[in-house]
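Here is the structure we will look at, set down as structure tokens.
Note that this is a predicted model, so its numbers are computed, not measured. Scope of the values below: all heavy atoms of this structure, side chains included, with no hydrogens, waters or symmetry mates.
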Amino acid sequence: MPGGRLTQQDRQQIALGLAEGLAYAEIARRLDRPTSTITREVMRNGGPTAYRADLAHRATERRAHRRRKAAPRNPGTPPQPHGRDAEAVREYEEVFATVFMQSGLPKMTARVLAGLYTTDAGSLTASELAGRLQVSPASVSKATTFLESQGLIRRERDERRRERYLVDDDVLYQSMMASARATAHLGEVARQGVGILGAGTPAAARLENIARFVAFVSESIVRAADQAREILHTKVETTSDS
């Protein structure tokens with residue numbers, strides 16, 4: 001029924017729809033479900049290319065089992081700010097982390113980054129991250145070290161001298177610029193091969209085309225990031241239920 005939990009048959013229909021190359025909206029229409037339900041279901045279970053109905057159904061049952069076991073142990077969990085639905089927030093963080101995983105980040109690293117992006121302050125201590133994600137401090141330390149090395153987060157000390165990990169307005173911009181530089185470097189290396197392999201040879205022509213393509217893409221990224229940078233500093237008006 002619309003609004004109810006997805007059944008195994010529903011998931012089989014989702015898998016068939018993905019195999020046919022249907023858009024999420026069309027799959028949702030066939031199942032009489034919101035498009036957001038289908039999007040969340042697919043993204044939290046491997047994405048459109050790796051979704052499997054049976055695996056998704058078992059994973060959902062395991063998550064539900066873990067939640068039932070965890071509920072009695074956390075009766076004092078504070079309510080979500082701004083009247084948010086705690087379960088909806090948790091599910092969204094899973095979807096967000098899955099997107100990061102599909103871009104190449106390890107699972108724990110993706111969960112840490114998603115956790116930081118979905119906090120109002122945009123910053124958490126290692127202890128807060130470990131508690132929020134229910135993982136060991138060692139796992140958080142490894143993930144934050146990697147994220148910082150990639151320029152995806154930064155750290156600073158607060159007034160209590162605790163290290164905090166942040167995703168602020170400029171982190172995404174700096175990460176995009178670092179990506180553009182890495183892309184440009186690929187083009188430079190490709191162009192070096194032209195002289196080594198001999199101008200006019202098929203291999204050299206291939207590398208020259210790669211160098212030209214990569215140079216154009218990296219320059220476009222830099223130009224677009226510079227033009228759009230002010231968007232990251234735009235203050236969006238929000239409403240509060242308090």
Side-chain angles (χ1 to χ4, degrees), residues 43-44 63 66-67 69-185 221-222 225-226 228-238 240-242:
M43 295 305 293
R44 76 189 303 188
R63 284 192 292 266
R66 286 199 301 267
R67 285 197 296 271
K69 290 180 63 177
R73 295 199 297 266
N74 298 290
T77 301
Q80 283 280 330
H82 307 292
R84 294 168 180 148
D85 182 328
E87 180 65 11
V89 171
R90 188 194 62 76
E91 289 189 357
Y92 174 72
E93 287 183 7
E94 285 190 16
V95 173
F96 206 2
T98 300
V99 173
F100 287 136
M101 289 166 61
Q102 291 177 329
S103 71
L105 289 182
K107 181 177 181 179
M108 181 53 60
T109 306
R111 291 186 66 202
V112 167
L113 191 57
L116 285 169
Y117 269 113
T118 52
T119 60
D120 288 312
S123 72
L124 292 168
T125 65
S127 176
E128 289 168 342
L129 277 167
R132 182 186 181 95
L133 302 177
Q134 296 185 356
V135 297
S136 69
S139 297
V140 169
S141 177
K142 183 177 180 180
T144 53
T145 297
F146 176 82
L147 288 169
E148 188 176 18
S149 73
Q150 299 300 304
L152 295 171
I153 65 173
R154 66 181 178 85
R155 74 173 74 193
E156 67 178 26
R157 290 189 180 276
D158 60 20
E159 65 280 359
R160 296 169 57 184
R161 306 300 296 167
R162 299 177 304 176
E163 285 192 338
R164 300 190 71 86
Y165 300 95
L166 300 90
V167 283
D168 60 14
D169 291 338
D170 259 346
V171 164
L172 188 60
Y173 169 80
Q174 296 299 340
S175 175
M176 192 70 68
M177 297 301 282
S179 175
R181 288 192 294 272
T183 302
H185 181 63
I221 291 173
V222 170
D226 279 334
R229 188 177 187 180
E230 65 182 58
I231 294 175
L232 294 171
H233 299 274
T234 301
K235 299 300 182 183
V236 180
E237 289 190 10
T238 60
S240 174
D241 294 333
S242 59

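Between the side chain of S149 and the backbone N or O of F146 there is at least one donor-acceptor pair closer than 3.5 Å. Between the side chain of R111 and the main chain of L133, a donor-acceptor pair closer than 3.5 Å is present. Checking side-chain atoms of S179 against main-chain N and O of S175 turns up no donor-acceptor pair under 3.5 Å.
Of all the heavy atoms in L152 and L105, the pair that sits closest is CD1-CD2, 4.3 Å. Smallest separation of non-hydrogen atoms from M176 and I221: CG-CG2, 3.7 Å. Across all non-hydrogen atoms, the minimal contact from F100 to A110 is CB-CB, 3.7 Å. Listed here is the closest heavy atom pair of V222 and M177: CG1-CE, 3.7 Å. The heavy-atom pair separating L124 from G115 by the smallest distance is CD1-O, 4.2 Å. The shortest non-hydrogen separation linking A114 to F96 is CB-CB, 4.0 Å.
Between the OH atom of Y117 and the CD1 atom of I153 there is a distance of 10.0 Å, given to the nearest 0.5 Å. With rounding to the nearest 0.5 Å, the separation of CD in Q174 from CZ in R229 is 6.0 Å. In this structure, OH in Y165 is found 11.5 Å from CD in E128, a value given to the nearest 0.5 Å. The distance from the OG1 atom of T145 to the CD atom of Q150 is 11.5 Å, given to the nearest 0.5 Å.
Using modelled atom types and a 3.5 Å distance limit, the side chains of R164 and S123 yield a donor-acceptor pair.
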Practice item. Decide side chain to side chain contact (heavy atoms under 4.5 Å, CB included) for R132 and T118; before the verdict, give the C-alpha distance in whole Å, the side-chain angles of both, and the deciding distance to 0.1 Å. Key: CA-CA 11 Å; R132 182 186 181 95; T118 52; 3.3 Å; yes
Exercise for review: Check step by step if side chain to side chain contact (heavy atoms under 4.5 Å, CB included) holds for M108 and K142.
Suggested key: CA-CA 9 Å; M108 181 53 60; K142 183 177 180 180; over 6 Å; no
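R157 CZ: more than 12 foreign heavy atoms inside a 6.0 Å radius.
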